[in-house]
Amino acid sequence: MAASGIKLECGDEICLIDAGSPPPPDQARYDHYRIYNVQFDNQEQIELFQKLEDQSDSLTFIGHAREIGQKLSILVAAHRVADFADLLKTYKLKHRVLTYNFQEKIDRNMGEVLPESIDATQYDWQHFFHLKTIYGWMDVMAKKYPDLLTVLDMGKSTQGHAIKGIKLASNPDNKAIFIESGIHAREWIAPATATYIINELLTSQDPGVQKLAKNFNWIIFPCVNPDGYKYTFEHDRMWRKNRQLFGTCRGVDLNRNYPDHWNSTGSSSDPTRYDFAGPSAGSELETQCLLQFIRSNVQKEQIKTYIALHSYSQMLMFPYGYTKERVSNYDDLQEFGKKAAAAIKAESGRDYVSGSLYETIYPSSGGSMDWAHEEAGIPIAYTFELRGPPDSQDLFILPAVEIQPTASEAFTAIRTIVEAADEKGYYN
């Protein structure tokens with residue numbers, strides 16, 4: 001039987017579309033994209049790859065080419081694989097191919113997402129969840145623990161979505177721990193970890209965890225970039241920024257938008273770049289919401305610790321990001337970070353590195369952690385880069401089987417830092 005369908009003019013050809021089939025979704029695909037991990041052994045190679053990043057939108061750099069000995073992961077579009085491989089051979093760059101078809105990882109990952117329509121009471125840490133489900137679960141928990149839990153609304157995002165969090169408080173006089181996650185949309189493990197921490201604080205039978213829940217108040221916002229997070233589920237799994245419109249492109253890297261040495265290093269003034277710092281410091285609604293919340297509550301709620309959850313690279317970092325100059329309590333933050341890394345090693349065998357952000361991962365300015373420490377005066381401030389390792393084959397597409405162990409070791413690190421800081425009198 002002849003195929004039935006609708007005829008459409010497609011240039012000089014006639015395309016036949018099956019009238020009974022829905023159109024394909026408007027979704028970015030990464031079929032046969034490869035992840036290369038390259039090493040720079042001389043300045044010529046570094047300069048070559050700096051130019052390459054500026055010139056090509058078919059290569060996604062996970063960081064920037066900066067120094068001899070550095071290893072850098074790059075996601076290479078399928079149609080550029082031959083050219084890129086030739087470049088590596090010509091300039092004698094040491095490299096490994098980590099993944100030959102990145103879309104396979106995305107397909108597997110999307111298969112680990114439960115439907116948006118699911119009852120929020122079925123929330124768990126074996127799957128990934130839509131923003132609606134995360135918010136629904138927080139509402140469920142607030143009804144279940146009305147004396148401890150309050151749902152907070154920080155304000156609206158660029159596209160009008162609420163930025164919701166929780167406050168867990170057993171004593172109004174307690175010092176507070178503030179946790180934000182999901183500022184980079186594609187880092188799904190971060191919101192999953194934030195909700196795991198909420199659940200542990202409410203349900204754990206571990207006396208140490210119960211003590212933390214009783215002696216400190218916890219303010220946790222699992223997704224401070226709701227527009228971007230939704231976009232990764234619906235259109236592009238690798239989206240990082242918010243969804244602000246700039247002519248023909250969208251998005252500001254919200255973790256480069258804070259008014260602390262804004263756009264001075266490790267960020268871009270180009271709206272097409274993944275680390276675009278925005279048109280001005282604090283320009284974005286999402287940034288403004290968090291700035292206002294912290295400014296209004298840092299004294300009232302006695303916020304003494306600020307944790308920002310990210311992925312990936314397995315790092316526990318403290319200020320500064322914009323300079324190698326050391327914060328006044330550098331030695332304490334380094335000590336707490338090393339203790340936390342040791343606690344993770346003891347729990348899971350995973351190796352995490354601790355140090356200032358500048359010296360540990362790469363220079364960057366306009367980050368929320370630096371602002372929280374420097375302007376808001378929060379003494380204990382860290383950015384966590386969660387699983388996997390720096391040369392991860394998954395990049396930001398962590399399998400769901402990793403959620404529980406990743407979240408557990410992150411919470412172990414937070415517990416260790418808070419307990420060590422408490423011993424040194426930071427919460428007196």
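Just so we're clear, the structure is a prediction, and the values are computed from it rather than from any experiment.
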Listed by chain and number, what are the salt bridge (charged side-chain N to carboxylate O under 4.0 Å, His left out) partners of Asp227, not counting sequence neighbours? none
Using the ring centroid of each side chain, check whether Tyr330 and Phe318 are separated by less than 6.0 Å. yes
Could you check whether any side-chain N or O of Ser313 sits under 3.5 Å from a backbone N or O of Met315, counting only pairs where one atom can act as donor and the other as acceptor? no
When you measure from the side chain of Arg240 to the backbone N and O of Gly251, does any donor-acceptor pair fall under 3.5 Å? no
Just list the side-chain donor-acceptor pairs under 3.5 Å for residues 64-84, sequence neighbours left out, or say none.
from	atom 1	to	atom 2	distance (Å)
His64	ND1	Glu53	OE1	2.9
His64	ND1	Glu53	OE2	3.0
His64	NE2	Tyr274	OH	3.3
His64	NE2	Asp275	OD2	2.8
Arg66	NH2	Ile361	O	3.1
Gln70	OE1	Arg66	N	2.7
Gln70	OE1	Glu67	N	3.1
Gln70	NE2	His64	O	2.7
Ser73	OG	Asn37	ND2	3.0
His79	NE2	Ser58	OG	3.2
Arg80	NH1	Ser56	OG	3.0

Determine whether Arg186 and Asp236 satisfy the following criterion, salt bridge (charged side-chain N to carboxylate O under 4.0 Å, His left out), listing intermediate values before the conclusion. CA-CA 9 Å; Arg186 61 194 178 188; Asp236 186 353; over 6 Å; no
Qualifying residues under side chain to side chain donor-acceptor pair (under 3.5 Å), relative to Glu200, sequence neighbours excluded: none
Is there side-chain contact between Phe128 and Ile403, with at least one heavy-atom pair below 4.5 Å? yes
Looking at residues at least two apart in the chain, or sitting in another chain, which of them share a ring-ring contact (aromatic ring centres under 6.0 Å, His included) with Tyr135? none
Donor-acceptor contact present, side-chain Lys241 to main-chain Arg273, <3.5 Å: yes
Of all residues at least two apart in sequence or in a different chain, which pass the salt bridge (charged side-chain N to carboxylate O under 4.0 Å, His left out) check with Glu234? Lys230
Between Glu374 and Pro319, is there a side-chain heavy-atom distance shorter than 4.5 Å? no
Please confirm whether the backbone N or O of Thr265 pairs with a side-chain atom of Ser365, one donor and one acceptor, at under 3.5 Å? yes
Work out which heavy atom in Thr133 is nearest to a heavy atom in Pro115; give both atom names and the distance. OG1-O, 4.3 Å
Mind checking whether Lys324 and Glu359 have side chains closer than 4.5 Å, heavy atoms only? no
Atom CD1 of Ile397 and atom CD of Glu112: how far apart are they, to the nearest 0.5 Å? 10.5 Å
Okay, side chain of Trp262, backbone of Ala277: is any donor-acceptor separation there less than 3.5 Å? yes
Apply side-chain contact (heavy atoms from CB on, under 4.5 Å) to residues Gln103 and His32 and explain how you reach the verdict. CA-CA 7 Å; Gln103 186 61 43; His32 305 295; over 6 Å; no
Just by distance, do the side chain of Asp119 and the backbone of Gln122 share a donor-acceptor pair under 3.5 Å? no
Would you call Lys339-Glu419 a salt bridge at under 4.0 Å N-O? no
The side chain to side chain donor-acceptor pair (under 3.5 Å) partner of His184 among Asp253, Thr232, Asn255 is Asp253
With a 4.5 Å cut-off on side-chain heavy atoms, are Leu395 and Ile35 touching? yes
Sorted by chain and number, sequence neighbours left out, ring-ring contact (aromatic ring centres under 6.0 Å, His included) with His373 holds for none
Among pairs that include at least one residue of residues 230-254, which meet ring pair (Phe, Tyr, Trp, His ring centres under 6.0 Å), considering only residues two or more places apart or in two chains? His130-Phe233, Trp188-Phe233, Tyr229-Phe233, Tyr231-His235, Tyr231-Trp239, Phe246-Phe276
Going by the ring pair (Phe, Tyr, Trp, His ring centres under 6.0 Å) test, which pairs reach into residues 386-420, not counting sequence neighbours? Tyr312-Phe396
A side-chain contact here means heavy atoms from C-beta on lying under 4.5 Å apart; do Lys345 and Arg350 qualify? no
Checking Glu286 side chain against Thr158 main chain: does a donor-acceptor pair fall under 3.5 Å? yes
Heavy-atom side-chain proximity of Ile189 to Glu402 below 4.5 angstrom: no
Would the distance check show the side chain of Asp260 and the main-chain N or O of Gly366 forming a donor-acceptor pair, the cut-off being under 3.5 Å? no
Do any N or O atoms from the side chain of Lys105 and from the backbone of Thr99 form a donor-acceptor pair under 3.5 angstrom? no
Contacts of Glu187 meeting salt bridge (charged side-chain N to carboxylate O under 4.0 Å, His left out) (sequence neighbours excluded), chain-then-number -> none
Listed by chain and number, what are the side chain to side chain donor-acceptor pair (under 3.5 Å) partners of Asn257, not counting sequence neighbours? Ser283, Thr287
Please examine the side chains of Arg29 and Asp107, heavy atoms only from C-beta on, and report whether any two atoms are closer than 4.5 Å. yes
Pairing residues for Glu47 by the side chain to side chain contact (heavy atoms under 4.5 Å, CB included) criterion, not counting sequence neighbours: Gln43, Gln50
Would you say Pro405 and Ser348 make side-chain contact, with heavy atoms under 4.5 Å? no
Test of understanding: with side chain to side chain donor-acceptor pair (under 3.5 Å), list the residues that count as partners of Asp57, not counting sequence neighbours. none
Would you say the ring centers of Tyr306 and Tyr382 fall short of 6.0 Å from each other? no
Would a line drawn from the ring center of Tyr358 to the ring center of Tyr322 be shorter than 6.0 Å? no
